[in-house]
Protein chains: 2
Amino acid sequence: MKRAKKQNRSDIEERVQEFSRLCRKNDLRVTNQRLEIFRALLETVGHPTVEDVFHQIRTILPNLSIDTVYRTLTLFENHGLITRVQCLSDKGRFDPNLENHHHFICVRCKKIEDFYWPEFTDYSIPDEAMKLGMIQMKKVELRGICNECRRKGRNAHQKKHS
Amino acid sequence: MKRAKKQNRSDIEERVQEFSRLCRKNDLRVTNQRLEIFRALLETVGHPTVEDVFHQIRTILPNLSIDTVYRTLTLFENHGLITRVQCLSDKGRFDPNLENHHHFICVRCKKIEDFYWPEFTDYSIPDEAMKLGMIQMKKVELRGICNECRRKGRNAHQKKHS
DNA sequence: TATTTAAATAGGAACTATTCTTATTTAAGG
DNA sequence: CCTTAAATAAGAATAGTTCCTATTTAAATA
Ligand SMILES: [Mn+2]
Ligand SMILES: [Mn+2]
Ligand SMILES: [Zn+2]
Ligand SMILES: [Zn+2]
């Protein structure tokens with residue numbers, strides 16, 4: 001999982017500070033683990049898994065427990081500070097980007113990339129769909145092969161079973 | 001997981017027959033297990049999990065192994081006979097509906113319902129997104145609370161952790 | 001129809017992701 | 001500083017999925 005280049009260090013520190021305030025507002029104690037976990041989300045592109053976050057932080061907090069990462073990410077999710085992204089693979093993935101955006105999922109490496117499509121918000125859903133329940137969110141999902149995987153070619157991916 | 005009312009028995013049997021031919025064309029042996037598994041997918045609404053399928057068929061094939069269900073569904077998927085649906089929960093879900101359609105996911109009971117939106121196909125994706133890779137599929141995903149869960153009220157759902 | 005054989009299955013073990021339990025540590029308020 | 005409830009680490013437990021292998025079976029062939 002690569003580090004992002006799109007956000008520089010001071011942008012990230014600013015968001016971590018803001019996050020710190022948000023924690024206090026939500027009656028969540030500000031622990032080192034929590035800050036590092038949130039920072040790791042911001043620093044990673046492709047919507048990291050729990051393991052991605054865990055391994056990245058182990059260098060800084062060598063006896064971090066993986067359970068803390070699970071617990072903390074679910075906590076953030078329950079407080080609306082991040083969202084959980086569906087998995088095409090079997091691992092949960094998380095998203096610190098709360099802006100209205102959409103996803104491109106690479107079916108080979110399972111990486112998830114963001115994109116924006118402001119006009120989509122204006123398109124109205126068919127009646128048939130409106131009747132299914134109370135809609136809280138509408139998103140577009142693209143599936144395909146990411147540029148990185150296309151470069152690598154057909155190797156380096158394994159399917160399960162047959 | 002409820003049985004569907006939208007497809008009657010003869011519709012289903014017709015699709016099972018057609019499926020049987022498709023298996024032969026794909027050099028897949030037509031076994032009782034495979035037919036029952038495919039039939040179970042057709043008979044169930046809400047995009048069943050492996051366990052849903054397993055339990056439904058156990059009454060007919062009492063010593064069906066759960067591994068066979070996993071193996072078979074993945075096999076069908078690899079041959080393009082069904083698709084795998086992303087999980088908001090932790091379980092894999094499967095979809096025998098290969099038509100171009102979209103999903104409404106209930107965040108409470110995790111049920112996934114189909115809807116159709118033909119016009120969506122014509123909307124063109126922003127350039128930004130086109131550059132992410134080779135796009136194979138574009139879908140809309142709605143999240144919310146299904147009618148059934150709304151009726152049941154706030155009880156009957158548990159969140160993990162805190 | 002009987003025989004053959006590679007493919008498919010059942011059953012249980014193994015593996016992997018996630019959650020739970022409990023003793024210890026710590027943030028934050030007094 | 002103290003106090004204390006909240007958070008954590010470590011490892012056990014659980015749940016979903018895949019692997020292993022002896023047995024069964026679909027379907028091609030005689
Ligand atoms: Mn995102
Ligand atoms: Mn569907
Ligand atoms: Zn990729
Ligand atoms: Zn529901």
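Worth knowing before you read on, the calculation uses all heavy atoms, side chains too, and leaves out hydrogens, waters and symmetry mates. Quick note on labels: first sequence line is chain A, next is B, and so on, each numbered from 1. Predicted model only: the values in this text are computed from it and were never measured.
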Are there any protein N/O atoms within less than 3.5 Å of an N/O atom in nucleotides 1-6 of chain C, and if so, which ones and at what distance?
none

Protein-nucleotide distance (A/Phe54, atom CZ; C/dT16, atom P), rounded to Å:
16 Å
Parallel, tilted or perpendicular, as decided by the 30° and 60° cut-offs, for the rings of B/Phe19 and B/Phe38:
parallel
Please tell me whether A/Thr44 and A/Gln56 have a donor and an acceptor in their side chains that are separated by less than 3.5 angstrom.
yes
Should A/Arg34 and A/Arg29 count as side-chain neighbours, where that means a heavy-atom distance under 4.5 Å?
yes
When the ring planes of B/His103 and B/His47 are compared, do they come out parallel, tilted or perpendicular, using 30° and 60° as the limits?
perpendicular
Please check this pair: side chain of B/Thr72 against backbone of B/Thr68, looking for a donor-acceptor N/O pair closer than 3.5 Å.
yes
Rounded to whole Å, how long is the line connecting atom CG of B/Leu35 with atom C1' of C/dT9?
15 Å
Nucleotides 8-12 of chain D: which of its N/O atoms have a protein N/O under 3.5 Å away?
residue	atom	partner	partner atom	Å
D/dT8	OP1	A/Thr31	OG1	2.9
D/dT8	OP2	A/Arg71	NH1	2.8
D/dT8	O3'	A/Gln33	NE2	2.9
D/dA9	OP1	A/Gln33	NE2	3.3
D/dA9	OP1	A/Asn63	O	3.3
D/dA9	OP2	A/Ser65	N	3.1
D/dA9	OP2	A/Thr68	OG1	2.5
D/dA10	OP2	A/Asn63	O	3.3
D/dA10	N6	A/Asp67	OD2	3.4

Is a salt bridge present between B/Arg151 and B/Glu148, judged by a nitrogen-to-oxygen distance below 4.0 Å?
no
Side-chain touch B/Glu119/B/Tyr123, heavy atoms, less than 4.5 angstrom
yes
Separation of atom CG in B/Leu28 from atom C1' in C/dA7, rounded to whole Å:
11 Å
In whole angstrom, give the distance that lies between atom NE2 of A/His79 and atom P of D/dA6.
12 Å
I'd like to know if A/Lys139 and A/Glu141 make a salt bridge, using a cut-off of under 4.0 Å between side-chain N and carboxylate O.
no
CG of A/Leu75 versus C1' of C/dT18: gap in Å, rounded?
16 Å
Determine which nucleotide pairs with C/dT22, using a 3.5 Å limit on both distances of a Watson-Crick or G-U wobble pair.
D/dA9
I want to check something: taking the side chain as every heavy atom from C-beta on, are B/Leu132 and A/Leu142 in contact at a cut-off of under 4.5 Å?
no
Within this structure, what is the CG-to-P distance between B/Asp27 and C/dA7, rounded to whole angstrom?
10 Å
Separation of atom CZ in A/Arg21 from atom C1' in C/dA28, rounded to whole Å:
19 Å
Separation of D/dA6 P from A/Asn26 CG (nearest whole Å)
15 Å
Please determine if a side-chain N or O atom of B/Tyr70 lies less than 4.0 Å away from the OP1 or OP2 oxygen of D/dT17.
yes
